[in-house]
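Heads up: the structure comes next, in structure tokens.
Here is the naming used below: chain letters follow the sequence lines, and residue numbers restart at 1 for every chain.
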Number of protein chains: 2
Amino acid sequence: MIKVAVVEDNDTIREGLKVLIDGTAGYSCIASYSKCETMLKSLEKLNPDVLLMDIGLPGMNGIEGIKQAKKIFPDLTILVLTVYEENDLIFEALCAGACGYLVKKTPPSKLLEAINEAYNGGSPMSSHIARKVIDFFQQKKQASSSGSQNILTPREREILSGLVEGNSFKVIADSLFISIETVRFHFRNIYKKLHVHSQSEAVVKAIKEGLV
Amino acid sequence: MIKVAVVEDNDTIREGLKVLIDGTAGYSCIASYSKCETMLKSLEKLNPDVLLMDIGLPGMNGIEGIKQAKKIFPDLTILVLTVYEENDLIFEALCAGACGYLVKKTPPSKLLEAINEAYNGGSPMSSHIARKVIDFFQQKKQASSSGSQNILTPREREILSGLVEGNSFKVIADSLFISIETVRFHFRNIYKKLHVHSQSEAVVKAIKEGLV
DNA sequence: TTTAATACTACCCAAATGGGTGGAGGGACT
DNA sequence: AGTCCCTCCACCCATTTGGGTAGTATTAAA
């Protein structure tokens, strides 16, 4: 029996979910809330297996609700159920601790299946949501191959890598068997090319643009 | 009609896939290969909609094959079909350009459905694979909440953020309306706590550990 | 072959940074 | 009331770094 708790501000939908879950063998809706705040208060006593959450809520933001819930129960399985398919919300929810992301047009049978999958260690989401997550992985690659990668010479990339490893000019010089003056010379050129003026800026840019 | 190409070294499985795909309305297996190399050569002429790839291949590595194929057709939809569920392989394949990841125990009906989803802009994968991808997102958070996050005071995190934004001590001091000496003081403490000795090291650590 | 790009070295100077010491004020907890 | 922690500021000093200028060697392209 999977114990499900629901947070959803729309009364109709919330009741519908409760009926659906309670009416299915193997599932039980042990609580339903219209706000995060009330859910958080009673979360400890209830100890649900899966928390089904809307994230377009009045009052406390759903994302924040996920974070809070995860603080109380780090291992709690949280499924987001929403109408939003914006990238930002998806990533925020997943980073906050949601383990699955469902859109509201998901048919009831799929919804129940998703709850079951989540309960068993899976991460149910529609394949379109999944694509957005995957795209996120590939962004790095794309940025580096198209962007500032090629403006640096191989030697310059080597020098810059040294910095990202956390080395000082002196250490970089020694490891490459060149003078520290040469390292400084290269960095001056690197800075010009990247339009930065300090180590830290260069490191940030190198990491963000995937130059390393 | 979705044009599918298959790369799979096991003759039995390859033929099985071909029969399955060709035998289903709306799908056509326009080519099947046992090696990446031969696939790459004829890829341009064939122009398939979806490429179904094994990644445990003799000869060229499947991951490498994905990269090469993506070079020729950056928009090609590639689905990985494999027996491996190791994290590393999943991430490598996805970063290389695969848009979906299926395990070989996937039943034929699900396989066809997955091809269709991929063709229509989705990223089919089993919910267990999805969970691993999601976990990757949350690693950052976990590392920070359990690790070095809490050893820094809120003010120190604020100061460190300024550095990661690419600001100098002076700019950080001005933006926080405090003396540059105070900024320096905080950084000395931050360095001690993070066990680093320079800006760049601190920036790298801050980013890697998700302190920002 | 001339030219350009890259890699390398050196010296100069001013500014920024790393590190040590000391001290002041406020809030939280005992 | 005392203590601890966080925040804040200041002065000292040695080193590192950012930026400018100049020059040589090697290699690849024009």
Side-chain angles (χ1 to χ4, degrees), chain A residues 68 71 144-212, chain B residues 144-212:
Chain A
Q68 298 292 333
K71 266 190 193 165
S144 61
S145 57
S146 63
S148 6
Q149 172 82 288
N150 26 25
I151 69 174
L152 293 184
T153 69
R155 191 56 159 181
E156 285 167 349
R157 277 199 293 279
E158 199 173 359
I159 300 262
L160 185 55
S161 297
L163 189 67
V164 176
E165 314 263 317
N167 302 326
S168 68
F169 289 6
K170 182 165 175 47
V171 173
I172 295 173
D174 290 348
S175 68
L176 295 179
F177 304 106
I178 56 178
S179 154
I180 189 170
E181 291 301 327
T182 307
V183 174
R184 281 157 46 63
F185 169 83
H186 284 303
F187 270 113
R188 283 195 286 274
N189 294 327
I190 292 170
Y191 287 1
K192 279 180 192 164
K193 289 180 180 177
L194 297 185
H195 305 292
V196 299
H197 307 279
S198 70
Q199 291 188 62
S200 33
E201 276 187 278
V203 169
V204 173
K205 201 138 190 171
I207 295 179
K208 301 254 179 205
E209 316 261 313
L211 303 175
V212 287
Chain B
S144 60
S145 58
S146 63
S148 358
Q149 172 81 292
N150 26 23
I151 69 173
L152 293 185
T153 70
R155 192 58 160 181
E156 285 167 348
R157 277 198 293 280
E158 199 172 356
I159 300 262
L160 186 54
S161 298
L163 189 66
V164 176
E165 315 260 317
N167 301 323
S168 67
F169 288 8
K170 178 160 178 47
V171 173
I172 295 172
D174 289 348
S175 69
L176 295 179
F177 305 106
I178 55 177
S179 154
I180 191 172
E181 289 302 324
T182 306
V183 174
R184 279 157 46 64
F185 170 83
H186 284 304
F187 270 113
R188 283 195 286 276
N189 293 327
I190 292 170
Y191 288 0
K192 279 180 192 163
K193 289 180 180 176
L194 298 185
H195 305 293
V196 299
H197 306 279
S198 70
Q199 290 189 61
S200 34
E201 276 186 279
V203 169
V204 173
K205 201 140 191 170
I207 294 179
K208 301 254 180 207
E209 317 258 315
L211 303 175
V212 287

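- Atom C1' of nucleotide dC8(D) and atom CZ of Arg155(B) are separated by 9 Å, given to the nearest angstrom.
- Annotation: side-chain hydrogen bond (donor to acceptor under 3.5 Å, both in side chains) contacts of Glu165(B) (sequence neighbours excluded): none.
- Following rounding to the nearest Å, His195(A) (NE2) and dG18(D) (P) show an atom-to-atom distance of 17 Å.
- Within the structure, a side-chain polar atom (N or O) of Thr153(A) is placed less than 4.0 Å from OP1 or OP2 of dA7(C).
- Between atom CG of residue Leu152(A) and atom CG of residue Leu194(A) there is a gap of 5.0 Å, rounded to the nearest 0.5 Å.
- In terms of phosphate contacts, Thr182(B) brings no side-chain nitrogen or oxygen within less than 4.0 Å of OP1 or OP2 of dT7(D).
- For the pair Leu176(A) CG and dT6(C) P, the computed distance is 18 Å after rounding to whole Å.
- Within residues 184-191 of chain B, the residues approaching DNA chain C are Arg184(B), Arg188(B), Tyr191(B), by heavy-atom distance under 4.0 Å.
- Rounded to whole angstrom, the span from the CG atom of Leu163(B) across to the P atom of dA16(C) amounts to 15 Å.
- Taking the side-chain hydrogen bond (donor to acceptor under 3.5 Å, both in side chains) definition, one finds that Arg155(B) meets it with Glu158(B), sequence neighbours left out.
- Glu181(A) contributes a side-chain N or O that forms a donor-acceptor pair with the base of dC11(C) under 3.5 Å.
- Mapping Lys170(A) and Lys192(A) onto DNA chain D by nearest heavy atom places Lys170(A) closer to the 5' end of the strand.
- Judged as a salt bridge (charged side-chain N to carboxylate O under 4.0 Å, His left out), the pairs with a partner in residues 186-198 of chain B (not counting sequence neighbours) are, in order, Glu156(B)-Lys193(B).
- Rounded to whole Å, atom P of dA5(C) lies 16 Å from atom CG of Leu152(A).
- Rounding to whole angstrom units, CD1 of residue Ile178(B) and P of dG26(C) are separated by 18 Å.
- The CD-P distance, from Gln199(A) to dT17(C), rounds to 9 Å in whole Å.
- One atom, CD1 of Ile172(B), and another, P of dT7(D), lie 15 Å apart when rounded to the nearest Å.
- By the ring pair (Phe, Tyr, Trp, His ring centres under 6.0 Å) test, Tyr191(B) pairs with Phe187(B), sequence neighbours left out.
- OP1 and OP2 of dC8(C) both lie 4.0 Å or more from every side-chain N or O belonging to Ser179(A).
- By the 4.5 Å heavy-atom criterion applied to side chains, Ile178(B) and Ile159(B) are counted as neighbours.
- Listed by first and then second residue, the salt bridge (charged side-chain N to carboxylate O under 4.0 Å, His left out) pairs involving residues 168-182 of chain B are Lys170(B)-Asp174(B), Glu181(B)-Arg184(B) (not counting sequence neighbours).
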